[in-house]
There are 2 protein chains.
Amino acid sequence: MEFEDATRALAGLAQPTRLRLFRRLIAAGSAGQAAGELAAALGVPNNTLSSHLACLKNAGLIGSRRDGRSIIYSVEIDAVRALLGFLVDDCCGGRPELCAGLVESKVESVPMQPNNEQRS
Amino acid sequence: MEFEDATRALAGLAQPTRLRLFRRLIAAGSAGQAAGELAAALGVPNNTLSSHLACLKNAGLIGSRRDGRSIIYSVEIDAVRALLGFLVDDCCGGRPELCAGLVESKVESVPMQPNNEQRS
DNA sequence: CCATTATTTCCATTATTCTGGAATTATGGA
DNA sequence: TCCATAATTCCAGAATAATGGAAATAATGG
């Protein structure tokens, strides 16, 4: 991942509404969720949320597909992985001991539950 | 790490000058680097860089100590780990398979070299 | 076609961030 | 004390981002 892409991705996540949006989309998994549902769930006007969706999409962190009248957004997991990889490279590249064990410990602490439906 | 802290940390990194600054401080390790040196290295006026340093410090990502006339900044590695942990929780919490192996593969690809001095 | 639903684009307003000149604070040495 | 050095704070202008009303676009079902 290039420096500029990383900046854009970080800027995408560096705003409360968008970070909430991103978390919700992560929870939704590859099934994704419609723009309108997302706006209602987050309590944000449709057009406002639309601009946030565009920002995340421009950053490459999410993608969209049309389904009838709705547009379904979902996380581009490869881009998320690339961002994490960029941070890990920069953060731990010369000092692996600092980040080793971080992801593993998280993985073990989660009992591999299936994709639970989001509420609210 | 709380949601608000994560937002602040992400916002800290979501700006080109600050991301470059952060990368340089990561490279500098616990020895850190003086504010003036950092400003010169990045080609940014002292006062401009000072405000960026304050932003990263406010986000908890870096700390400072005085050494004579200089103020030495260095990364708060625990905060960086916490941010990565937050992202991993959100990104992979319900789907561990997505991020498992990310950090490990990076660690293996780096031959555990000692903290090499950064050049310009 | 027409009405309805879902979403986006346009645009103006407000808010926030970035930047750097000038003044200020802190330290160490003569 | 006085000077030079290192860094920060103050401040204001410029640039960028966030917000939401109103209009425009897109798809579906009659």
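Proteins come first, then strands; the chains are lettered A, B, ... in the order of their sequence lines, and each starts at number 1. Keep in mind it's a predicted model, so treat the numbers as computed, not measured. Just so you know, these numbers use all the heavy atoms, side chains as well, and skip hydrogens, waters and symmetry mates.
- Rounded to an integer number of Å, the gap from Asp67(B) CG to dT5(D) C1' is 14 Å.
- Judged by distance alone with a 3.5 Å cut-off, a donor-acceptor contact links the side chain of Asn47(B) to the base of dG21(C).
- Comparing atom distances between the Thr17(A) side chain and each of dT7(C), dT8(D), dT19(D) picks out dT19(D) as nearest.
- For the pair Lys57(B) NZ and dA7(D) C1', the interatomic distance rounds to 12 Å; values are reported in whole Å.
- In this structure, Ile72(B) is not a member of the same hydrophobic cluster as Leu56(B), with clusters built from ILVMFWY side-chain heavy atoms closer than 4.5 Å.
- Note that the CZ atom of Arg24(A) and the CG atom of Leu19(A) stand 13.0 Å from one another [nearest 0.5 Å].
- Between Tyr73(B) and the phosphate of dT8(D), there is a side-chain N or O to OP1/OP2 separation shorter than 4.0 Å.
- OP1 or OP2 of dT19(D) has at least one side-chain nitrogen or oxygen of Gln15(A) nearer than 4.0 Å.
- Rounded to a whole Å, the CG atom of Asn58(A) is 12 Å from the P atom of dA18(D).
- Residue Lys57(B) holds its NZ atom at 7.5 Å from CD1 of Ile71(B), rounded to the nearest 0.5 Å.
- Applying the 4.0 Å criterion to OP1 and OP2 of dT8(C), one finds that Ser50(A) has a side-chain N or O inside that range.
- Of the candidates dT27(C), dT8(C), dT19(C), dT19(C) carries the atom nearest the Thr48(B) side chain, counting heavy atoms from C-beta on.
- Atom CD1 of Ile72(B) and atom P of dT8(D) are 11 Å apart (whole Å).
- Side-chain N/O atoms of Arg69(B) include none lying less than 4.0 angstrom from OP1 or OP2 on dA7(D).
- Taking CZ of Arg18(B) as the start and CG of Leu10(A) as the end, the distance is 11.0 Å to the nearest 0.5 Å.
- Both Cys55(A) and Leu53(B) lie close to DNA chain D; mapped to their nearest nucleotides by heavy-atom distance, the more 5′-ward contact belongs to Leu53(B).
- The shortest distance between the side-chain N/O atoms of His52(B) and the OP1/OP2 oxygens of dT19(C) is below 4.0 Å.
- Rounded to whole Å, the distance from CG on Leu49(B) to C1' on dA6(D) is 13 Å.
- Taking atom CD1 of residue Ile71(B) and atom C1' of nucleotide dT27(C), one finds them 10 Å apart after rounding to whole Å.
- Across the protein-nucleic acid pair, Asn46(A) atom CG and dT4(C) atom C1' stand 15 Å apart, rounded to whole Å.
- An OP1 or OP2 oxygen of dC18(C) is reached within less than 4.0 angstrom by a side-chain nitrogen or oxygen of Arg18(B).
- Every residue was checked against the salt bridge (Lys or Arg N to Asp or Glu O under 4.0 Å) condition with Arg20(B), not counting sequence neighbours, and none meets it.
- At a threshold of 4.0 angstrom between heavy atoms, the contacts of Ala34(A) are confined to the sugar-phosphate backbone, with no base atom among them.
- Among the protein residues, Ser70(A) comes within range of the sugar-phosphate backbone only, with heavy atoms under 4.0 Å from sugar or phosphate atoms but none that close to a base.
- Across Phe86(B) and Phe3(B), no two heavy atoms sit closer than the pair CE1-CA, 4.3 Å.
- When rounded to the nearest whole Å, the span between CG of Leu21(A) and P of dA18(D) equals 13 Å.
- The two residues Ser74(A) and Gly32(A) have their closest heavy-atom pair at CB-CA, 3.8 Å.
- Set against dT19(D), dT8(C), dG28(C), the side chain of Ser51(A) has dT19(D) as its closest nucleotide.
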Dot-bracket for DNA chain D, please, read 5' to 3', with Watson-Crick or G-U wobble pairs under 3.5 Å on both distances, ( ) within the strand, [ ] crossing, | other strand, . unpaired. ||||||||||||||||||||||||||||||

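- Salt bridge status for Arg81(B) with Asp78(B): absent, with no side-chain N to carboxylate O gap under 4.0 Å.
- Counting only heavy atoms from C-beta on, Pro45(B) has its side chain closest to dG20(C) among dT8(C), dG20(C), dT8(D).
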